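This report concerns only the one structure given below.
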Amino acid sequence: MERATLREAANGKIFSTANLIFGIGQISKMTGVSTRQLRYWESKGYIEPKKRADEQAQRVYGYDTFLRVSGIKSMQDEGYTLAAAVERTAALMAEADGIRNFLLDAYHGIAEVDNQDMLDLGFLDAEHTQRLYARSKDHHVEYLVRPAGEEATGK
DNA sequence: GTTCTTACA
DNA sequence: TGTAAGGA
């Protein structure tokens with residue numbers, strides 16, 4: 001069997017959140033948002049229960065909704081109005097999604113360069129003659145460029 | 001026991 | 001927004 005890639009993991013083939021579903025009471029306890037509020041937020045279109053094949057009345061929520069509710073609640077506690085908290089949460093989640101996708105595109109594995117573990121960021125140039133490596137140290141990023149074809153020790 | 005909608009404080 | 005009612 002081939003080794004699983006980070007992207008496969010991120011796509012949910014390995015660490016799947018698809019089967020994480022919660023009832024309204026669970027979401028309420030996890031986030032500190034009352035069931036009354038959750039139903040109210042739904043009426044305003046801020047959150048939406050999962051569609052269920054079986055036409056049942058009881059709401060079920062996915063993991064993404066848990067994150068959304070959690071974010072809205074946090075920002076509300078910081079003083080944002082509900083509408084503003086909803087907007088900011090949506091923006092942050094979209095930004096996080098963009099970052100995640102970018103990193104998955106850029107990341108080519110771990111490689112040992114000069115006896116140090118570096119992120120392999122793939123070819124630097126269109127001609128594929130140089131390869132870019134990077135690592136993070138003390139909250140800033142260090143880059144290395146090496147001739148391509150020497151990335152033998154990828155882990 | 002929990003969740004549903006509706007309605008009222 | 002919390003709570004009560006009355007049913008699922």
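Being a predicted model, the structure only gives us computed values, none of them experimental. Note: hydrogens, waters and symmetry copies are ignored here, and every other heavy atom, side chains too, is used. Quick note on labels: first sequence line is chain A, next is B, and so on, each numbered from 1.
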Interatomic distance where [atom1] belongs to [X] and [atom2] belongs to [N] [whole Å]:
X     : N     : atom1 : atom2 : result
A:R39 : C:dT3 : CZ    : C1'   : 12 Å
A:F22 : B:dT3 : CZ    : P     : 14 Å
A:E42 : B:dT5 : CD    : C1'   : 12 Å
A:Q58 : B:dC4 : CD    : C1'   : 8 Å
A:Y40 : B:dC8 : OH    : C1'   : 17 Å

(request) Describe the nucleic acid contact of A:T35 in one word from base, sugar-phosphate, nothing, applying a heavy-atom distance below 4.0 Å. (result) nothing
(message) Counting only Watson-Crick pairs (N1-N3 plus N6-O4 or O6-N4) and G-U wobbles (N1-O2, O6-N3), all under 3.5 Å, who is the partner of B:dT2?
(response) C:dA8
What's the spacing between [X] [atom1] and [Y] [atom2] if we round to 0.5 Å?
X     : Y     : atom1 : atom2 : answer
A:Y61 : A:R68 : OH    : CZ    : 13.0 Å
A:E42 : A:I24 : CD    : CD1   : 7.5 Å
A:I72 : A:M93 : CD1   : CE    : 8.5 Å

By nearest atom, which of the nucleotides [options] is closest to the [X] side chain?
X     : options             : value
A:R59 : C:dG2, B:dT3, B:dT5 : B:dT5
A:R36 : B:dT2, B:dT5, B:dC8 : B:dC8
A:I24 : C:dG2, C:dT1, B:dC4 : B:dC4

(message) Checking the side chain of A:S136 only, and the main-chain atoms of A:V141 only, is there a donor and an acceptor separated by less than 3.5 Å?
(response) no
(message) Does C:dT1 have its OP1 or OP2 closer than 4.0 Å to a side-chain nitrogen or oxygen of A:Q37?
(response)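 Yes, such a contact exists.
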(request) Check whether any side-chain nitrogen or oxygen of A:S34 sits under 4.0 Å from OP1 or OP2 of C:dT1, and answer yes or no. (result)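 Checking A:S34 against C:dT1: no side-chain N or O falls below 4.0 Å of OP1 or OP2.
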